[in-house]
Amino acid sequence: MQRTEKYFEQDAFRTQCESTILAAEPDEKTGGGRIALDGTVFYPEGGGQPADRGTLTLPDGTTLNVTDVHEHDGILWHSVDALPESAVPGTAVSGCIDWEWRFDKMQQHTGEHILSGILHQMFGAENVGFHIGSEAVRMDTSVPISAEGLQAAELAANRIVWQDVPVLVSYPTREELAALVYRSKKEIEGQVRIVTIPGADVCACCGTHTRTTGQVGQIKILASENYKGGVRLSVVCGQRALLAAQAMRQRQAEIGALLSAKADQTAVAVHRVYDEYTALRFTHFGVCSQLFDALAQLANPGEDAIRTVPGLDPDGLHRLAVRLTEATTGLCAALTPTEKGTGYCIAQADGDVRALTKALNAALNGRGGGKPGICQGSCAATPEQVEEFLREQNR
């Protein structure tokens, strides 16, 4: 079978094509099929860039939705949601890509080239991982980069965007390639496609890109984390960067309204609220300690002590259960009502409550466990039902 001509390599802005079906086969897993064309505008998944989406229209007007595209041995196979009998080799089809989807990928991919090239220039960083995700571009670098370094690189990358320089595609000869300095310089069979962004990057790449850097719009690093000796970046470009900025502004406005603070004072207001929260937690801890002491004093030595206190978190349950074991050698349990039932902490001085906890979980749809002397978890029953179960089992 002849290889598929890739129209997108000559013109990434071409959205339609007239082609001929080379082969068609059903896909039993999806109920659709796969169609190979002699030429296509659809980019196949590869190099970190997702495949294009769109439609193939048959001569009788039947429209097939293209959901994925993959390349095998130079042939591009288009996954479609249906495979009518009229879709046979030799049939003419009209292809049309989802342009909004494509242009987004072009913005992300070109922005990745710019930022990767800048990081390489500034820090000698190699891009060792790249993927255009549904929300952000993931980029992995080979070396660690500080927050200050990333901020400087982000500014430098956006300056390339503002200069609106052309994104150049070339196909050098083997001799020219050997003398060329470019990223991703590894042995590649066949013709190598070089993408050059003046002042930023020279890289071997088969993806789709914008005509100029200005069409990228903006490059924004959303997050970074240490990863395998380098950093993993979450990056958005173009419309994604605009939407991210709008979302952040909306969140800031909501936070500002809650804190009665102006936009440039939200950080100060958050610090104030955090300090107040920390002070309240400290006070709450002390009040709970006094309550736990009082509940422990009501326990008779050698007898069971099961107490229900609303509003306790897991740490509070644990503290109460331990305090009760200091007052009696009987079975001790701290319970608190929750939205889904009851949180519990069961303990016994010099005892083993694991079997009892297992029985409680089985009987009252619970989950949890722990050490011989103390177990903790939750169940789908009321505190009253839990207390009744514990007293029945411990008779």
Is any side-chain heavy atom of Val167 closer than 4.5 Å to one of Thr213?
yes
If we ignore hydrogens and angles and just use 3.5 Å, is the side chain of Asp38 paired with the main-chain N or O of Leu22 as donor and acceptor?
no
So, the side chain of Glu9 versus the backbone of Cys206: is there a donor-acceptor pair under 3.5 Å, distance only?
no
Flag the pair Tyr277 / Arg281 as yes when at least one side-chain heavy-atom distance between them is below 4.5 Å, and no otherwise.
yes
Asp264/Lys262 salt bridge by N-O under 4.0 Å criterion
no
Using the rule that two of Ile, Leu, Val, Met, Phe, Trp, Tyr join whenever any of their side-chain heavy atoms come within less than 4.5 Å, decide whether Leu331 and Leu364 are in one cluster.
yes
Phe103 reachable from Ile219 in the ILVMFWY side-chain graph, under 4.5 Å edges:
no
For residues Ser289 and Arg319, is any side-chain donor paired with an opposing acceptor at under 3.5 Å?
yes
Count I, L, V, M, F, W, Y as connected when their side-chain heavy atoms are under 4.5 Å apart, and connections chain through other members. Are Ile35 and Leu58 then in the same cluster?
yes
Heavy-atom check, side chain of Leu119 versus side chain of Leu233, under 4.5 Å
yes
List the steps and the verdict of side-chain contact (heavy atoms from CB on, under 4.5 Å) for Phe130 and Gln108.
CA-CA 11 Å; Phe130 157 66; Gln108 309 314 311; over 6 Å; no
Please determine whether the number of non-hydrogen atoms from other residues, nucleotides or ligands lying under 6.0 Å from atom NE2 of His72 exceeds 12.
yes
Do side-chain atoms of Thr4 reach the backbone of Leu76 as a donor and acceptor pair under 3.5 angstrom?
yes
About how many Å separate NE2 of His318 and SG of Cys375, when rounded to the nearest 0.5 Å?
10.0 Å
Linking I/L/V/M/F/W/Y whenever their side-chain heavy atoms sit closer than 4.5 Å, directly or via other members, would Ile114 and Val236 fall into one cluster?
no
Is it the case that over 12 heavy atoms from other parts of the model lie below 6.0 angstrom from the NE2 atom of His284?
no
Could you check Leu155, Ile145, Leu115, Thr141 and say which one makes a side chain to side chain contact (heavy atoms under 4.5 Å, CB included) with Leu150?
Ile145
Would you indicate whether Gln246, at its atom CD, is surrounded by more than 12 heavy atoms from other residues, nucleotides or ligands within a distance under 6.0 Å?
yes
Rounding to 0.5 Å, atoms CD (Gln348) and OG1 (Thr325) come to a distance of 9.5 Å
Atom OG1 of Thr20 and atom CD of Gln2: how far apart are they, to the nearest 0.5 Å?
8.5 Å
Do the side chains of Asp164 and Arg211 get close enough for a salt bridge, i.e. N-O under 4.0 angstrom?
no
Gln151 atom CD, over 12 foreign heavy atoms within 6.0 Å
no
When rounded to the nearest 0.5 Å, the distance separating CG of Leu64 from OG1 of Thr57 is 7.5 Å
Leu298 side chain reached by Arg307 side chain, heavy atoms, under 4.5 Å
yes
Taking the side chain as every heavy atom from C-beta outward, state whether Ile160 and Asp201 have any atom pair closer than 4.5 Å.
no
Ile346 and its side chain to side chain contact (heavy atoms under 4.5 Å, CB included) partner, picked from Leu317, Leu335, Ile306, Thr357
Thr357
List, one per line, each side-chain donor-acceptor pair under 3.5 Å for residues 41-54, sequence neighbours excluded.
residue: Tyr43; atom: OH; partner: Gly46; partner atom: O; Å: 3.1
residue: Gln49; atom: OE1; partner: His109; partner atom: ND1; Å: 2.6
residue: Gln49; atom: OE1; partner: Thr208; partner atom: N; Å: 3.4
residue: Gln49; atom: NE2; partner: Thr208; partner atom: OG1; Å: 2.8
residue: Asp52; atom: OD1; partner: Arg102; partner atom: NE; Å: 3.1
residue: Asp52; atom: OD2; partner: Tyr43; partner atom: N; Å: 2.7
residue: Asp52; atom: OD2; partner: Arg102; partner atom: NE; Å: 3.0
residue: Asp52; atom: OD2; partner: Arg102; partner atom: NH2; Å: 2.5

Neighbour count above 12 (heavy atom, 6.0 Å) for Glu326 CD
yes
Within 45° cone of Tyr7 ring axis and under 6.0 Å: Arg14 NZ or CZ
yes
Residue pair Asn127, Glu112: steps toward the side-chain contact (heavy atoms from CB on, under 4.5 Å) verdict:
CA-CA 10 Å; Asn127 187 328; Glu112 177 271 326; 2.8 Å; yes
Quick one, Gln215 and Thr212 - any side-chain contact, counting heavy atoms below 4.5 Å?
yes
State the CG-CG distance between Asp81 and Asn65, to the nearest 0.5 angstrom.
4.0 Å
Donor-acceptor contact below 3.5 Å, side chain Glu276 vs main chain His271:
no
Can you list every pair that meets salt bridge (charged side-chain N to carboxylate O under 4.0 Å, His left out) and has a residue in residues 218-244, with sequence neighbours left out?
Asp104-Arg240, Asp140-Arg232, Glu154-Lys220
Okay, side chain of Asn158, backbone of Gln218: is any donor-acceptor separation there less than 3.5 Å?
no
State whether the number of non-hydrogen atoms from other residues, nucleotides or ligands found under 6.0 Å of Asp350 atom CG is greater than 12.
no
Scan side-chain atoms only and decide if Glu254 and Gln250 contain a donor-acceptor pair under the 3.5 Å cut-off.
yes
One should read off an interatomic distance between Leu177 CG and Tyr182 OH, to the nearest 0.5 angstrom, of 3.5 Å
Can you tell if the side chain of Gln239 reaches within under 4.5 Å of the side chain of Glu100, non-hydrogen atoms only?
yes
I'd like to know if the side chain of Thr210 and the backbone of Gln107 have a donor-acceptor N/O pair within less than 3.5 Å.
no
Flag the pair Leu390 / Val386 as yes when at least one side-chain heavy-atom distance between them is below 4.5 Å, and no otherwise.
yes
